[in-house]
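Notes for the one structure printed next.
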Amino acid sequence: MTHNTTLLLALTLLFGGIVPATAGTITTRIEDFTNGGGFFAEVRVSDLGPDRIRLTLDVSDPVNPGLAQADLLALWFDLADPGLLPSFTRLDTSGATASLADDPSQVFPSGGVLDAWFDADAIGSLGGNNNLNGGGGVATGFDIGLLLGLNGGRDGFQQQRTFDLVLPGLSSAALTDQRIGLRVQSIAGGAFDGIGSSKLLGELTDTTPPLIATSFATFAAPSGSIPTPAPWVLIGLGLAALTPWSRRRTG
């Protein structure tokens with residue numbers, strides 16, 4: 001029994017150090033900061049291949065139990081390396097120029113984005129009351145801002161949205177430990193009746209419970225990448241634990 005326990009511990013340490021580094025997915029929850037909290041969004045960022053990630057946003061039940069209606073309108077986030085941003089600062093959907101910026105299908109191949117802004121530490125309001133003002137502060141200076149829907153449910157009330165983003169060199173690692181903000185309107189149902197709209201803010205950290213924006217001292221200004229411990233420490237501990245177990249088995 002002792003041998004089995006030691007082996008289990010060793011394998012847990014060994015493979016526990018490997019999996020997070022290769023998973024290629026970040027899942028976290030961010031929280032409302034304009035209505036006293038209690039309204040959440042689950043955010044998932046997944047690697048789909050070279051230069052391509054998928055972002056999934058969800059405020060539906062059970063993320064918010066009892067929620068009957070909501071509309072995800074706008075998203076903001078930072079990149080650990082602003083050098084990944086494209087050379088253009090806004091997608092041109094007018095057809096006036098022949099460039100990457102003129103073809104949203106190259107940047108957002110799955111659709112799902114109506115307008116997009118790219119500018120390091122410079123994106124704030126997207127117009128139409130799509131901003132992260134309120135709650136005693138203003139969250140601005142993001143790298144990317146995306147318009148996802150139209151006010152008043154003109155394109156349907158969407159509690160979940162999924163889209164892909166393609167930029168050279170992009171992966172989920174570029175968003176790890178970076179700020180993310182979300183604008184939600186037309187909220188109704190259960191305990192959320194009367195809220196109307198919400199602005200949410202947090203960081204893309206794969207933590208439980210999620211890191212929540214409790215003050216603008218941390219989140220109002222652009223945040224840098226927060227180093228994460230390399231998994232090799234855990235791998236080393238796992239190998240060290242395996243050594244005495246192996247000796248006992250062969251001795």
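Remember, it's a predicted structure, so these values are computed and weren't measured experimentally.
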Worksheet item: Are Val45 and Thr176 close enough that some pair of their side-chain heavy atoms sits under 4.5 Å apart?
Response: no
Worksheet, complete the sentence: In this structure, CG of Asp193 is separated from CD of Gln69 (nearest 0.5 Å) by 10.0 Å
Item to complete: Begin from the C-alpha positions of Asp71 and Gln158 and carry the test side chain to side chain contact (heavy atoms under 4.5 Å, CB included) through to its verdict.
Response: CA-CA 5 Å; Asp71 201 10; Gln158 304 292 329; 3.9 Å; yes
Worksheet item: Is the side chain of Thr28 donor-acceptor paired with the backbone N or O of Leu204 at a distance under 3.5 Å, no angle test?
Response: no
Worksheet item: So do the side chains of Val107 and Pro86 get within less than 4.5 Å of each other, counting heavy atoms only?
Response: no
Worksheet item: If you measure from CG on Asp164 to OG on Ser46, what distance do you get to the nearest 0.5 Å?
Response: 9.5 Å
Fill in: Asp119 with Arg90: basic N within carboxylate O range, under 4.0 Å
no
Fill in: Distance-only donor-acceptor check, side chains Asp47 and Ser172, under 3.5 Å
yes
Worksheet item: Do the side chains of Trp117 and Ile144 get nearer than 4.5 Å, heavy atoms only?
Response: no
Worksheet, complete the sentence: Correct closest heavy-atom pair for Ala70 and Val184 would be CB-CG1, 3.9 Å
Discussion item. Measuring from atom CG of Asn131 to atom CZ of Arg183, what distance do you get when rounded to the nearest 0.5 angstrom?
Written reply: 6.5 Å
Worksheet item: Once the angle between the rings of Phe142 and Trp76 is folded into 0 to 90°, is it parallel (under 30°), tilted (30 to 60°) or perpendicular (over 60°)?
Response: tilted
Worksheet entry | Step-by-step side chain to side chain contact (heavy atoms under 4.5 Å, CB included) determination, Thr27 to Glu42 | CA-CA 7 Å; Thr27 302; Glu42 184 171 282; 4.1 Å; yes
Discussion item. Starting from Leu75, can I reach Leu73 by hopping between I/L/V/M/F/W/Y residues whose side chains sit under 4.5 Å apart?
Written reply: no
Worksheet entry | Connected via hydrophobic side-chain network under 4.5 Å: Leu57 and Phe192 | yes
Fill in: side chain to side chain contact (heavy atoms under 4.5 Å, CB included) between Leu175 and Leu170, intermediate numbers included
CA-CA 9 Å; Leu175 281 74; Leu170 185 65; 4.2 Å; yes
Fill in: Cluster overlap Phe157 with Phe40, hydrophobic side-chain contacts below 4.5 Å
no
Worksheet item: Which of these passes side chain to side chain contact (heavy atoms under 4.5 Å, CB included) with Phe77: Leu55, Asp143, Leu182?
Response: Leu55
Practice prompt. Kindly indicate whether the side chain of Gln178, heavy atoms from C-beta on, has any atom under 4.5 Å from the side chain of Leu79.
Written response: no
Practice prompt. Mind listing the closest non-hydrogen atom pair of Phe33 and Gly134 along with its distance?
Written response: CE1-O, 3.3 Å
Practice prompt. Mind checking side chain to side chain donor-acceptor pair (under 3.5 Å) for Ser186 and listing every partner two or more places apart, or none if nothing turns up?
Written response: none
Discussion item. Quick one about Lys199 and Asn133 (side-chain donor to acceptor, distance below 3.5 Å, no hydrogens or angles considered), yes or no?
Written reply: no
Discussion item. Can you tell whether the side chains of Arg179 and Glu203 come within less than 4.0 Å, N to carboxylate O?
Written reply: no
Worksheet item: Measuring from Asp78:CG to Asp177:CG, what's the distance to the nearest 0.5 Å?
Response: 12.0 Å
Worksheet item: What are the two closest heavy atoms between Asn64 and Gly38, and how far apart are they?
Response: OD1-O, 4.0 Å
Worksheet, complete the sentence: Taking every heavy atom of Leu67 against every heavy atom of Ala188, the minimum-distance pair comes out as CD1-O, 3.5 Å
Discussion item. Do Ile123 and Leu114 land in one hydrophobic cluster if side-chain heavy atoms of ILVMFWY residues count as linked below 4.5 Å?
Written reply: yes
Fill in: Test side chain to side chain contact (heavy atoms under 4.5 Å, CB included) applied to Leu146 and Phe163, step by step
CA-CA 11 Å; Leu146 306 177; Phe163 62 91; 3.5 Å; yes
Worksheet item: Do you reckon Phe108 sits in the same ILVMFWY cluster as Ile180, going by side-chain contacts under 4.5 Å, direct or chained?
Response: yes
Worksheet item: Any donor and acceptor pair, going by atom type alone, linking the side chain of Asp51 with main-chain N or O of Gly169 inside 3.5 Å?
Response: yes
Worksheet item: Going from CD1 on Ile30 to CG on Leu201, what distance comes out if it is rounded to the nearest 0.5 angstrom?
Response: 7.0 Å
Discussion item. Just to verify, which of Gln160, Gln159, Arg161 counts as forming a side-chain hydrogen bond (donor to acceptor under 3.5 Å, both in side chains) with Asp58?
Written reply: Gln160
Discussion item. Counting C-beta onward and ignoring hydrogens, is there a side-chain heavy-atom pair between Val113 and Leu147 closer than 4.5 Å?
Written reply: no
Worksheet item: Got a second to check how far Ser171's OG is from Leu84's CG, nearest 0.5 Å?
Response: 8.0 Å
